[in-house]
Every structure is written in C-alpha cells, then in structure tokens.
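Read the numbers this way: they start at 1 and go in the same order the structure lists the ligands and their atoms.
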Amino acid sequence: MMRSLRLVLALLIAIVSPAAYAQQPAPQVAFTFDDLPAHGPLPPGEFRPDPIRSIIKTLKTQHMPPVYGFVNGFRTAEYPYQTELLRNWTASGNPLGSHTWSHPALDQTSAKKYIANIAGNEPLLREVDPHGDWHWFRYPYLEEGNTRAKRVAVRDYLTAHGYKTAEVTIDFEDYLWNEPYARCRAKHDAAAVASLETSYLDVAGEYVGVFRTLSQQLYGHDIPYVLLLHVGAFDAHMLPRLIALFRSQGFEFVTLQKAESDPAYAFDPNIGYPSGGTLQELTSSIRKVNFPDNTKPYKELDSMCR
Ligand SMILES: [Zn+2]
C-alpha cells in the first residue's frame, strides 16, 4: 500500500512539476580552517581562545558536519595553553590535520627541510588527537612545489606516511580582512567594520561564482568544493553569515573526506607551480583554461583604519 501510494505521489509530482526531475543535484562544500591554534591580530578586548571557541560554537549551532582544522604546532611551543584550544576543537567533534610545524613556504625551502617540518608536527597531533584521522595535509600558502622535483619529493613522503592532501577548491583569501578588522575595532570605527562585513560577503560570493564557473569549464559540472578559511577574529565574526550565504545558493555541507572522494581530487597536475594555487588553478594551467575574471579589494583593505 505504501509503495503504490508513493508511486502515485511521484507520478503526480512529475506531472505537476516536470522541472523538478531536470534539476541539478545540490552543490556541496566542505568548510576547512587553517592556522590553528592562532591566526592574525585580535581586536581590543578579544583574547586568543575567543575566535576558535566562537567558530566551534557556530559550527555546532549551524549543525555543520565535522570540519577539519589544520594545525601549526609551533604556537603551542611558545604558548603551551594553546594546546587546550586544539583539544577543544576535537572535543567538539571536529577533526585536526597537519599544516606543518611552523608554516614554511615550500617555494623558499628545500624538500628535505620541509619534510622534516611536517614530521615535526606529528608528536603534537598524536598527543592531542590519538585516535583521529589527522593524516590530512594542507600546504601553507597552497605552495605544493615551485619545481616538479620538489613537488614529487614532498608528495612521495606524504603518500609513504599515509597522508592525503587537503586540496582547496574555493579560496577568496578570507584572511585579508582580519588585520583591518582589528585596526578598525581599535579605532571604534563602526562604519568601517560594517563596510568590512559587506565586502567580505561580496567577495566570498564573487569567488564562489568564480570557482563554480571554473568547475563548469574543467569538469562540466559542480565538483564538491573544499573551502579554505582561517581561524581569525573576523572569520569567526562572519562565520554565521558566510554559512547563510552558501545556504542561500542551495549548498549542502559535507565532510572533507566526502568532498575529496570525487574523481576530480584524484587528478595530480604534477607540475612545478610557483606561488601556489588551488587544485583548479593547477588543473586549469595544465588544460590551458583561463581563470575567470575576478577582483579583490587589496588596496582598500590595506589602507583601512590606518
Ligand atoms: Zn596557513
């Protein structure tokens, strides 16, 4: 009885709304955060634990799936109390991954030193997340090797040690807003803070569009995206509105593992790529596809509240 009822309903829906069957599946995105346990300057009255605790709270109240946070352990050597923030992250059900020990730029260092820096982050990750799936690696500055030899050396090490690369497929350089936010708050300039809020969401929206366009050009459809964010004070401040922006475009939120199970992530561009870039940027370079037009208010952000 239930089955035939369902069939009748399905037929009715198909007759009333044939477009429903032609619709694309909802786009998907995995949010990720870099630079745990500390990123960027803080506005007056905020303390180091505040952004991470705020982010954890928002992820919970917004019912987000587990969200990866990528760790630079060197901060905990300087400020041991910050280890507790990493424990707060895992205790809230969110996993940790590695972002190297001290955030070196692969373009500026040798593969050998870089690999030692990755290995140096492991004792801390083992300590704070003994049972977690922390063998996910996010390259600082998205620099995967300015030469092919460096790229291959680091990737070979990662593979041999059970790491998967936490690729990025949407990046709007969210971190650019954290410094002007701290300056504008220090000057009690509410109008400037409001304009930062507007430009952050405008640029995020523009770049979601840019990366969706690029995805259409490269793959013919939306891939499940991986969004790069940082644990800065302004990121924490804007997170509820950023999640709402993705919701307004019909996005579903998925884990990093789920997003990267898509075949697009199995492709290795296998090129030296100076200054780093997202997976689609490297892939588009191989396939001779131009990056869509885009703008970012670098000068305006840099000059605000000086
Ligand atoms: Zn970083």
Side-chain angles (χ1 to χ4, degrees), residues 30-42 48 51-52 54-56 67-79 82-83 85-86 89 94-109 111 113-122 124-125 128-129 134-146 150-151 154-155 158 163-182 200 203-204 207 211 225-236 238-239 242 256 260 273-279 281-282 296 298 301:
F31 277 39
T32 62
F33 286 88
D34 280 14
D35 299 0
L36 275 71
H39 174 88
L42 297 168
R48 190 45 76 189
I52 288 198
S54 165
I55 289 166
I56 289 170
V67 164
Y68 262 87
F70 295 95
V71 175
N72 299 123
F74 79 113
R75 307 244 181 226
T76 65
E78 195 176 355
Y79 299 108
Q82 293 187 5
T83 309
L85 303 178
L86 304 177
W89 191 268
N94 294 299
L96 295 172
S98 182
H99 196 38
T100 72
W101 172 254
S102 63
H103 213 279
L106 182 51
D107 284 10
Q108 309 298 328
T109 190
K113 282 186 184 161
Y114 194 83
I115 286 165
N117 205 294
I118 298 170
N121 212 26
E122 290 193 345
L124 174 69
L125 286 164
V128 296
D129 198 12
W134 52 261
H135 283 84
W136 282 84
F137 182 71
R138 168 70 48 75
Y139 287 85
Y141 312 104
L142 305 185
E143 289 181 8
E144 300 189 0
N146 51 332
K150 267 159 96 169
R151 178 186 179 87
V154 173
R155 282 184 112 76
L158 291 171
Y163 285 94
K164 287 151 296 245
T165 301
E167 302 287 0
V168 172
T169 45
I170 299 179
D171 174 21
F172 65 98
E173 295 184 281
D174 64 296
Y175 62 89
L176 290 169
W177 280 258
N178 288 309
E179 288 190 16
Y181 177 58
Y200 184 91
V203 173
Y207 277 78
F211 282 98
Y225 299 97
V226 178
L227 172 69
L228 169 60
L229 296 169
H230 295 77
V231 290
F234 194 64
D235 286 291
M238 294 304 292
L239 186 57
L242 186 66
L256 177 65
E260 292 212 13
Y273 195 87
S275 304
T278 61
L279 177 64
E281 285 168 274
L282 271 64
K296 213 169 274 162
Y298 292 107
L301 290 171

Problem - Thr100 vs Phe74 side-chain heavy atoms within contact, under 4.5 Å - result: no
Exercise for the section: Take Tyr175 and Asp235, measure what side-chain hydrogen bond (donor to acceptor under 3.5 Å, both in side chains) needs, and give me the verdict at the end. Expected result: CA-CA 7 Å; Tyr175 62 89; Asp235 286 291; over 6 Å; no
Problem - Over 12 foreign heavy atoms within 6.0 Å of CD, Gln82 - result: yes
Problem - Check: Asn121/Ser98 side-chain N/O donor and acceptor closer than 3.5 Å - result: yes
Practice task
Verify the distance criterion only: is there a donor paired with an acceptor across the side chains of Tyr207 and Glu173 at less than 3.5 Å?
Solution key: no
Problem - Close side-chain approach of Glu144 to Glu167, heavy-atom, < 4.5 Å - result: yes
Handout entry: Protein N, O or S atoms lying under 2.8 Å from the Zn ion (ligand 1), listed by chain and number
Key = Asp35 OD1, His99 NE2, His103 NE2
